[in-house]
Novice: 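If you scroll down you'll find the structure; I have some questions about it.
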Amino acid sequence: RDDQRRLDTNPRCKVRFVRHDITIGLMAAKLSGGKVATGDAIAFFDCHCSPNEGWYREILAQISENPRRMVVPAITDLDLDTFEEKKDSSVNAKCYLTFDADFKWFDDESDFIPTISGGLVAMGRDWFNNTGGFDEQMHGWGGENLDQSLRAWLCGGEITRAKSSRVAHMWRTGDPRTMSRYRVRAKPTNNRGRVAAAWFDAFLPAYRAGLVSVNEVRNYDGIKARLACRPFSYFVYRFRKVYIEGGVIAKKVFGLQDKASGLCLSKEFGSMSVKLCNEKSKDQKLQLGNIDRETGKCCSGIRSYGGNDCLDYFDGRGPHWYSCDVTGQNGNQQYRITPERRIKRGSDECLYVDAKSKKVKKARCSELATGQGVFEEVSVFEPKEYKIYLSE
């Protein structure tokens, strides 16, 4: 209590600490802090962050320009030895929402952000209070960023990034210094399920994780009525470049059967194999994904239906799966199905099936024999997500 480093006892700092009797989780702590804040703007930063000098200037300017705006800084990498931004750091700010109520990082030319990552965001205090801040029935960690993002976009607000506001963030790595050292004592809640039940509306049947009854999220009803919140379809259409052109929502789902061997491409842990065709196997359900940078439309890659992974780098085990780059900028994820029904990787490689080893291999397209490396679509159907999108 007598430690002179304590900011709440330093007369130069206007700091107030708010503590719970027990550790009940991240969003509950944020909600308590936000409710007692008295400034015109509220900023939420993880404790493992180091803001650069002048970090607040563009953020405050953007909030002043639109009081219903949430602003995300340029999130950079923290040097654990200096607690400063790493030299030549990467920069992140933007995420999109998946149908398992998770978030994935991406970047494109727009400064508008579909979904915040959660740890770093600022907004006007009035807007925070008008939207209710956070779901008071969520405990633990995770999901609050999705809830807060949808509150913004569906209820009259917006989310942008402030490129000149740089805040270094510590990422979880193998370094023991990045491990958490606390335990949430409150009863855990299905936060992602609460987000889906509260906001997915007509798209709720497309949600791919543990369900929560709509009756459990009636605490949202007052906010939705007061702010005249739009349906979830507005969010999907607002960011249709990600959801439709980026292939998050598939227009068509199919299996790919090798014409020569009769075997079907099948997703395994980490890589792609071939197995006997089975129209009921979720591992054989594929779709097109990722924006084609040449056309600005879908698609330039092959995505696993019902997941968030696309075909990526190739080694001795064959093509591997990795988180989809919906913007189409990842050169490793360039897999196109040609009019001749070959799977062309990059500029001059085509995939084919080695029936003896049951492996997917690659060769120059011109070196493949007639009928080799030709794949036919099987078990084709229109997925429910796209049907809902069209109906909405």
Novice: Does either side chain, that of Tyr220 or that of Asp135, offer a donor lying less than 3.5 Å from an acceptor on the other one?
Specialist: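 Yes, a side-chain donor-acceptor pair sits under 3.5 Å.
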
Novice: Checking the side chain of Trp321 only, and the main-chain atoms of Cys310 only, is there a donor and an acceptor separated by less than 3.5 Å?
Specialist: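 Absent.
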
Novice: Judged by modelled atom types alone, do Gln333 and Asn290 share a side-chain donor-acceptor pair under 3.5 Å?
Specialist: yes

Novice: With a 3.5 Å cut-off and no angle check, do the side chains of Ser32 and His20 form a donor-acceptor pair?
Specialist: yes

Novice: Taking Arg336 first and then Asp292, would you say they form a salt bridge - that is, a charged N and a carboxylate O separated by under 4.0 Å?
Specialist: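 Looking at Arg336 and Asp292, the cut-off is met.
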
Novice: For Glu385 and Tyr305, test the side chains for any donor-to-acceptor distance below 3.5 angstrom and give the result as yes or no.
Specialist: yes

Novice: Go through the side-chain N and O atoms of Asn219 and Arg194 and say whether any donor and acceptor fall under 3.5 Å apart.
Specialist: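 A donor-acceptor contact under 3.5 Å links the two side chains.
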
Novice: Would you tell me whether Asn191 and Thr189 have side-chain atoms, one donor and one acceptor, within less than 3.5 Å of each other?
Specialist: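 Distance-only check passes for Asn191 and Thr189.
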
Novice: If only side-chain N and O atoms count, and only distance matters, is there a donor-acceptor pair under 3.5 Å linking Asp175 with Thr173?
Specialist: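 Side chains of Thr173 and Asp175: no pair found under 3.5 Å.
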
Novice: Within the 3.5 Å criterion, strictly below it, is a donor on Asn278 or Gln284 matched to an acceptor on the partner's side chain?
Specialist: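 No pair is found: no donor N or O on one side chain lies under 3.5 Å from an acceptor on the other.
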
Novice: Apply salt bridge (charged side-chain N to carboxylate O under 4.0 Å, His left out) to Lys86 and list each qualifying residue two or more places apart in sequence or on a separate chain.
Specialist: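 Partners of Lys86 by the salt bridge (charged side-chain N to carboxylate O under 4.0 Å, His left out) criterion come out as none, since no residue qualifies.
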
Novice: Give a yes-or-no answer on whether the side chains of Thr131 and Arg151 include a donor-acceptor pair shorter than 3.5 Å.
Specialist: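 Not at all, the side chains of Thr131 and Arg151 share no donor-acceptor pair under 3.5 Å.
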
Novice: Give a yes or no on whether a salt bridge exists between Glu109 and Arg293, defined as a side-chain N under 4.0 angstrom from a carboxylate O.
Specialist: yes

Novice: Sequence neighbours left out, what passes side chain to side chain donor-acceptor pair (under 3.5 Å) with Lys252? Give chain and number order.
Specialist: Glu377

Novice: Regarding Ser261 and Asp258, is there a side-chain donor-to-acceptor distance under 3.5 Å anywhere?
Specialist: yes

